[in-house]
Visitor: 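My questions all concern the structure below.
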Number of protein chains: 2
Amino acid sequence: MLASQRRSRILEEIRRTGAVRVSALVERLGVSDMTIRRDLEVLAQEGELRKVHGGAVLPGGRSTEEPGFAAKSNRQNAEKQAIAAEALRMVEPGMAVGMSGGTTTWTFARLLRDVPDITVVTNSVQVADLFSREPRSDQTVVLTGGIRTPSEALVGPFAVSAIRSVNLDIMFMGVHGMDLRNGFTTPNLVEAETDRAFVEASRRFVVLADHTKYGVLGISTIAPLDAADVLITDSGLVEEHRASLRERVGELVLVEAAGGEQSDEPGSSRA
Amino acid sequence: MLASQRRSRILEEIRRTGAVRVSALVERLGVSDMTIRRDLEVLAQEGELRKVHGGAVLPGGRSTEEPGFAAKSNRQNAEKQAIAAEALRMVEPGMAVGMSGGTTTWTFARLLRDVPDITVVTNSVQVADLFSREPRSDQTVVLTGGIRTPSEALVGPFAVSAIRSVNLDIMFMGVHGMDLRNGFTTPNLVEAETDRAFVEASRRFVVLADHTKYGVLGISTIAPLDAADVLITDSGLVEEHRASLRERVGELVLVEAAGGEQSDEPGSSRA
DNA sequence: GGAAAGGATCGCACATTATCGCACCCGAAT
DNA sequence: ATTCGGGTGCGATAATGTGCGATCCTTTCC
């Protein structure tokens with residue numbers, strides 16, 4: 001059995017019963033306890049479950065934990081993980097990193113916690129929450145001020161003013177839609193304003209967007225496509241769209257969504 | 001059964017009935033009384049419940065509202081409730097209200113949610129959380145930016161700059177200590193800075209502090225006693241201290257803590 | 001084509017830590 | 001004063017994580 005299959009089984013089990021114990025999984029899946037523990041570690045890192053003594057439970061506990069709840073955040077989760085992993089390669093110790101809100105950046109923020117000596121500026125309460133859960137003395141997390149939107153982002157003049165006063169080495173932004181004519185868009189007018197401020201405040205502007213965002217149109221434009229220095233998306237994007245984007249954005253990075261929920265092809269040679 | 005499952009069951013039970021007994025849980029969950037006690041201890045530490053003789057009851061208000069910082073918030077809870085109720089009388093619809101962090105202001109914020117048409121400016125993530133749980137279109141809640149302290153307050157230049165740019169009708173502040181010589185103090189240097197900015201930004205400065213704060217000295221002074229237009233405290237304060245304070249602060253308001261220890265009645269004392 | 005190098009995954013042994021129940025004594029309520 | 005619940009100390013048991021070696025698959029080189 002493949003590791004990703006095994007992990008799917010674990011998720012299936014925990015979603016059905018609400019909790020799993022290591023010893024039960026050892027018996028059921030026929031692997032050692034260490035393997036199970038490592039699986040749980042990985043799944044916990046992805047936010048799919050929460051490790052507890054003796055096993056794991058669903059993460060549903062804290063309301064501020066996961067943005068938008070499971071329905072939304074699990075969509076394209078494998079893609080988001082892969083995108084986040086790729087984005088992580090662009091961050092180096094000592095950097096000043098900006099992050100907007102959204103589930104993709106939230107996934108990315110989970111990985112970012114392990115990077116030493118960085119300064120994070122964000123207008124997302126959830127992202128700030130992630131870092132403040134286990135504070136590290138070598139990391140500084142700045143939450144911009146402002147008024148909360150339903151998606152828990154801070155917007156408005158306070159946010160804009162705070163963002164304008166910083167200089168970021170790199171800015172990571174999740175968007176709701178990307179389109180040739182309208183660029184990167186969001187359904188929230190005031191969020192677009194803060195997002196624009198973020199773009200202006202950063203030396204390097206990186207957009208994180210899975211392939212389903214292509215062609216989606218939010219009411220407000222954050223920036224044209226060519227404003228992005230890098231766009232990281234996944235290989236689910238069809239060739240035609242890849243070409244379009246490649247012409248416009250600074251650099252287009254495609255990542256392979258590793259070990260999705262179901263899409264495993266054992267022994268297939270690389271294309 | 002996993003320990004965390006067991007604790008979930010306990011919470012479920014207590015939220016359904018309002019109270020649990022140790023003996024009942026022993027039977028229902030099939031573990032020893034000591035295990036139950038230890039569970040209750042953990043949950044009480046998290047602020048999910050309050051231990052009483054024979055079992056546990058729900059803490060002050062809705063337990064789901066209480067964030068993780070609640071271990072300390074139950075101390076002097078009755079006093080805080082009474083102080084908060086008194087402070088509420090000073091707020092009128094249409095006002096711009098400032099609030100610092102701390103458990104006393106948090107208690108106050110819960111009452112403030114019912115006041116129509118107000119603007120709240122706070123550097124406390126928890127206070128902002130309270131309002132964003134059920135957003136009202138006639139209320140605006142501004143979170144100042146900044147870096148999080150362990151007590152979940154936002155501090156630093158971003159916070160100060162945001163606070164300086166607003167004008168508040170009234171400012172409510174919880175303090176860590178009050179002392180004749182050193183005035184209102186806090187153990188956190190940078191928090192004092194934002195607190196001072198709050199004082200300067202407001203027309204009317206109200207301090208909320210239960211009687212145990214008297215004589216306590218934090219490392220950093222926020223303001224001298226006479227900077228307070230109003231000081232609301234409880235009648236646990238001895239006469240000698242009352243007199244001292246009355247000389248210095250603009251107005252000293254003493255409230256009676258209802259019911260001594262118990263305070264888990266939703267429809268609380270005054271209107 | 002095949003062998004060697006590289007990388008990832010998994011299992012085992014070990015030291016460490018957390019959990020639980022029991023016995024015992026203390027404190028609170030009636 | 002008596003009874004019931006509460007807390008502390010201890011030992012037994014289970015769970016955890018780290019380091020290491022074995023195995024499998026992929027890649028690379030000849």
Side-chain angles (χ1 to χ4, degrees), chain A residues 1-11 13-14 17 19-46 48-57 59 78 81-82 85-86 88-89 111 113-114 134 235 255-260 263-271, chain B residues 1-11 13-14 17 19-46 48-57 59 71 74-75 259-262:
Chain A
M1 169 168 331
L2 260 44
S4 65
Q5 282 180 294
R6 195 178 55 237
R7 288 175 193 152
S8 292
R9 292 275 298 271
I10 294 175
L11 283 182
E13 177 74 12
I14 199 174
T17 64
V20 289
R21 60 170 45 249
V22 173
S23 54
L25 290 171
V26 165
E27 237 176 81
R28 176 177 294 239
L29 300 175
V31 293
S32 80
D33 58 337
M34 268 319 299
T35 301
I36 296 296
R37 274 186 242 289
R38 279 186 276 247
D39 284 343
L40 294 182
E41 180 61 39
V42 169
L43 293 171
Q45 191 64 34
E46 293 174 4
E48 303 282 6
L49 50 79
R50 194 165 59 85
K51 283 178 71 178
V52 296
H53 200 90
V57 296
Q81 291 286 341
E86 179 65 27
L88 191 64
R89 298 178 50 199
L111 304 179
R113 284 183 297 182
D114 293 328
E134 291 175 25
S235 53
V255 297
E256 196 75 34
S263 59
D264 292 329
E265 286 289 322
S268 78
S269 55
R270 290 180 65 87
Chain B
M1 162 157 344
L2 291 166
S4 69
Q5 278 182 296
R6 196 178 54 236
R7 293 186 186 136
S8 293
R9 291 276 297 271
I10 294 175
L11 282 183
E13 178 75 13
I14 199 173
T17 65
V20 289
R21 336 190 84 257
V22 173
S23 54
L25 290 171
V26 166
E27 223 173 281
R28 176 176 297 238
L29 300 175
V31 293
S32 79
D33 58 337
M34 267 320 299
T35 302
I36 296 295
R37 275 187 244 288
R38 278 186 278 246
D39 283 343
L40 294 182
E41 178 60 37
V42 169
L43 294 171
Q45 197 66 32
E46 292 173 1
E48 303 285 3
L49 50 79
R50 194 163 64 85
K51 287 176 69 176
V52 295
H53 208 87
V57 297
N74 280 334
R75 278 212 282 266
E261 179 79 9
Q262 206 80 333

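Lettering of chains follows the sequences in order, A, B, ..., and the numbering in each one begins at 1. Side-chain atoms are counted along with the backbone in the values below, which use heavy atoms only and exclude waters and symmetry mates.
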Visitor: How about Arg6(A): does its CZ atom have over 12 heavy atoms from other parts shown lying under 6.0 Å from it?
Guide: yes
Visitor: What's the CD-C1' distance between Glu41(A) and dC10(C), to the nearest Å?
Guide: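 Nearest whole value for this atom pair: 16 Å.
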Visitor: State, to the nearest 10°, the angle formed by the axis through the first five base pairs of the helix from dG1(C)-dC30(D) to dT30(C)-dA1(D) and the axis through its last five.
Guide: 30°
Visitor: Restricting to non-hydrogen atoms, name the atom on Ala85(A) and the atom on Leu111(A) that form the minimum distance, rounded to 0.1 Å.
Guide: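 Reported closest heavy-atom pair: N-CD1, 3.7 Å.
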Visitor: Given atom CD of Gln45(A) and atom P of dG17(D), what is their separation to the nearest angstrom?
Guide: 13 Å
Visitor: Who pairs with Gln45(A) by side chain to side chain donor-acceptor pair (under 3.5 Å), at least two apart in sequence or on another chain?
Guide: none
Visitor: Less than 4.0 angstrom between a side-chain N/O of Lys51(A) and OP1 or OP2 of dA15(D), yes or no?
Guide: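 Result: no.
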Visitor: Inspect the contact between Glu13(A) and Arg28(A) and indicate whether a charged nitrogen and a carboxylate oxygen are less than 4.0 angstrom apart.
Guide: yes
Visitor: Categorize Val26(A) for me: base, sugar-phosphate, or nothing, with a 4.0 angstrom heavy-atom threshold over every strand shown.
Guide: nothing
Visitor: Grab the two heavy atoms, one from Ile36(B) and one from Leu29(B), that are nearest each other, plus how far apart they are.
Guide: CD1-CD1, 3.9 Å
Visitor: Over all heavy atoms of both residues, which pair between Asp33(A) and Val26(A) is shortest? Give the atoms and the distance, please.
Guide: CA-CG2, 3.4 Å
Visitor: What is the distance from CZ of Arg21(A) to P of dT13(D), rounded to the nearest Å?
Guide: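 Rounded to the whole Å, the gap is 17 Å.
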Visitor: Which letters describe nucleotides 18-30 of chain C, given B = protein heavy atom under 4.0 Å from base, S = only from sugar-phosphate, - = neither?
Guide: SSBBB-----S--
Visitor: How many Å lie between CD on Glu27(A) and C1' on dA15(D), as a whole number?
Guide: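 In whole Å, dA15(D) C1' and Glu27(A) CD are 16 Å from each other.
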Visitor: Closest heavy-atom contact between Ala56(A) and Leu40(A)?
Guide: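 Scanning both residues, the minimum pair turns out to be CB-CD2, 4.1 Å.
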Visitor: Can you tell me how far the CD1 atom of Ile14(B) sits from the CZ atom of Arg50(B), to the nearest 0.5 Å?
Guide: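 Interatomic distance, Ile14(B) CD1 to Arg50(B) CZ, rounded to 0.5 Å: 10.0 Å.
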